[in-house]
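These notes are about the structure you will find just below.
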Amino acid sequence: MKAMKRSTLATLVNAALLSAVAGTSFSTIAAEQVPAVKKNQLEVIQVTARKRVENAQEVPVAVSALQGDSLDAYSSAGMDIRFMNAKIPSLSIESSFGRSFPRFYVRGLGNTDFDLNASQPVSLVVDEVVQENAILKGFPVFDVSRVEVLRGPQGTLFGRNTPAGLVKFDSVKPSQEFEGYGSVSYGSRGAVDFEGAVGGGLTDRLSTRVSVLWQDKDDYIDNRAPGFEQKDALGGYTDKAARIQFLYEGDDFTGLFNYHVRDMDGKPIAFFANSIKPGTNDLVDDFKNDVVYHDAASRATQQVESEGASLKLEWDFNNHTLTSISAWESAEIYSRADIDGGYAAGPGFIPFSSESADGIPDHDQYTQELRLSSNFAGDVNYQVGVFYFDEALTIENFSYDTFSSPAGELNGFVRQQQDTKAWAVFGSVDYTISDDLKVTAGLRYSDDEKEFSADRTMSPIGGGVLFIDRDVSDDHISWDISTSYKVNDDVNWYTRIANSFRAPSLQGRILFGNDVTTADTETVTSYETGIKSDVLDGQGRVNATIFYYTMDDQQLTAVGGGANFNRLLNADKTTGYGFELDSEWVLSDELNATFNLSYNKTELKDNDLAVAVCAQCTVTDPINGSGLAILNGNSLPHAPEWISNFTLRYTKELADGEFFAYGDVSYRSKINFFLYESVEFEGKPLVETGLRAGYAWADGDYEYQVSAFVRNLFDEQQSIGGVDFNNNTVMVNEERYVGVEFKVNFF
């Protein structure tokens, strides 16, 4: 990735910038995608949860959509994809890398593994292409029309690693209308964000859209370790991304080409050594989020490059539609950080130095999906298809000796190679029993195979050269059956039973150990029922779901404990249950509100499951004769029981424009950072508040908007993740961010 990729990115960015200078203005969502609604009515939300456009209120799936004002407000402040954390029922997102490698959790199910081949039970699909590797999942969010979160197993239509759910992004597509938008904001710590898009018809049948993003923030975290002092050592980034699309629309054929690229150069998330008061989960009294004491801060870096392309071809044969989606994705990363978060003399007791780096020098993912959908006017319709997945992944792990060599001499190196091939055939049938009752059933056969090797040439713990290879494979039949019953014109009641799986996994991070561990296939069966209702004559919407699932052989990762090492294991059984509430309200002509709430109770059930524990924390689990924590009865890590979100939007016509104010409050309850439970590594409940206010006006074909905003209004700072194998090192949430923005739209 290389000079050609950087040249491509520069070309796309310059094209959009030149358009803006020439007087082009822009729009976040294409005009045809914003339904016309009457005053005092909630808009109909269209989703593609079942690979066809449907009214979200009629889909027998627990799905939430994020778009429009909410999406704009949440993603302000230069946020990466983690802005969605606790903004949708049962969804949380975290990362120990920072702006890359996000980890998704739905209904308590996720994966804390930080190695670069980690699989996750929550799939991310962007523009109908699965993003398997976690680095691909960190691609910036811009010029997006809609985000959908599908909760519960989605293994029939979407397939790869979806036992927990699916997060789905859809970019704004090209159209024949000349349109676009541009916005620029400036905020705390010198952060500057620009994004924009421009598109329109090239011929009567061919249209295009170019979208760009540029985010920049200065380093602001000072390093005060004696002998290693450095002002503004960490915290900054420059993140650039672009997307170009071409859409051909014929009489009975459409073709959509998508090329996207990212180049990020910044610093990893900051680690703060011994920043928790012993015996509590409080940050130390003198904690400052802009000060670290590292002996390796000057070498900390994180560089990410990714690119991809997809081609969607669709033929309309009247009674059938044939769809082909061919895609390629590639990613590279190098991330180096002071993991112990300190230096030889502190702060606090630092048993040993831990400066390490991880990288992906080579990665390629190829996918192909071919599906046939019926368009009958009768009671029966169906989809059938085939899917192929091929990924080649090379990972490099490095460790460095900082205590005896201040320059950070290399003392450990491992190269991992993982090749994955998978294929599937699937089908889904919809049957209308009556005007009020519909049934859907789906089936998918999947075959998955991984070939893995790990080659260690040196290790900081001794042992020298080591080569290990492992292969794992399995097949599985996923299925689901759902019903949708129309109680009346405003209320739909649905039920759904679904089964899905996650293919076997391998873990070969053998820098600090000699074992490549594997985890067998995990399977889940989920039961849920709920109502989707429009109330108060279209001025309210209330969707509610209750669910219960059992997971056999859940794949878990024992992170840390005895060493900077990840170990895969399977839990005999895991259960989860809870409810979700998703609601929207028109309170007056000028005031709209949403209120969302979810409860998730997870529990591990395995009397023999035990893991190594932290070096210095206070463990509250029972300890067996081998000094391991017994996990039976524990909840899953990073699985808050409660997530809630409240938003309020006020608009008022003023002079020749409109004043608007938007506020939101999100809450997630306490979480455990690891599989075992301890006092220090229990994250406190987190409440974050955002405000956005401004003025919008129109002038001919142009619409303008100026606004001011703040995220994390009350500057609540607390630990959101930890490092346990060395000392009580933590990571903290984003500080308060204040900014202003100017946006111009063209329709």
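Small disclaimer: the values here were computed from a predicted structure and weren't measured.
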Exercise. Kindly determine whether K288 and D290 satisfy salt bridge (charged side-chain N to carboxylate O under 4.0 Å, His left out), including the steps that lead there.
Key: CA-CA 5 Å; K288 295 181 179 179; D290 57 357; over 6 Å; no
Looking only at atom types and distance, does a side-chain atom of [X] sit under 3.5 Å from a main-chain N or O of [Y], one as donor and one as acceptor?
X	Y	value
R736	L713	yes
N712	E734	yes
T280	D282	yes
R456	G513	yes
D338	G341	yes
Q507	R509	yes
S707	G694	no
Q616	F349	yes
Q717	N733	yes
S188	V738	yes

Just checking, is any N or O donor in the side chain of [X] or [Y] under 3.5 Å from an acceptor N or O on the other one?
X	Y	result
N728	N274	no
R243	S171	yes
W328	D364	yes
E307	Y259	yes
N397	Q416	yes
S505	S119	yes
N258	S310	no
Y105	E94	yes
T402	E355	yes
D113	N566	yes
D362	T394	no

Quiz item: With a 6.0 Å cut-off on ring centres, are F272 and F287 close enough?
Solution: yes
Self-check item: H294 ring center within less than 6.0 Å of Y343 ring center
Solution: no
Which pair of heavy atoms, one from [X] and one from [Y], lies closest together, and at what distance?
X	Y	value
H260	A309	CE1-N, 4.0 Å
L675	V611	CD1-CG1, 4.3 Å
S356	I339	OG-CG1, 3.3 Å
T729	A273	OG1-CA, 3.5 Å

Quiz item: So which of V106, N161, V167, V130 actually passes side chain to side chain contact (heavy atoms under 4.5 Å, CB included) with S123?
Solution: V130
Taking the side chain as C-beta and beyond, is there a heavy-atom pair between [X] and [Y] under 4.5 Å?
X	Y	answer
F97	L116	yes
M264	R262	yes
L410	F398	yes
E329	V129	yes
N117	E132	no

Self-check item: side chain to side chain contact (heavy atoms under 4.5 Å, CB included) between W214 and E195, intermediate numbers included
Solution: CA-CA 6 Å; W214 180 66; E195 67 173 89; over 6 Å; no
Exercise. Could you please spell out the steps behind the salt bridge (charged side-chain N to carboxylate O under 4.0 Å, His left out) verdict for D232 and R189?
Key: CA-CA 11 Å; D232 298 331; R189 308 288 190 181; over 6 Å; no
Self-check item: Axial cation check for Y237 ring with R99, 6.0 Å and 45° limits
Solution: yes
Exercise. Decide yes or no on salt bridge (charged side-chain N to carboxylate O under 4.0 Å, His left out) for D455 and R415, but give the supporting numbers first.
Key: CA-CA 5 Å; D455 187 4; R415 178 184 290 266; over 6 Å; no
Self-check item: M731 and S96: CA distance, side-chain angles, deciding distance, side chain to side chain contact (heavy atoms under 4.5 Å, CB included) verdict
Solution: CA-CA 8 Å; M731 297 153 277; S96 56; 3.9 Å; yes
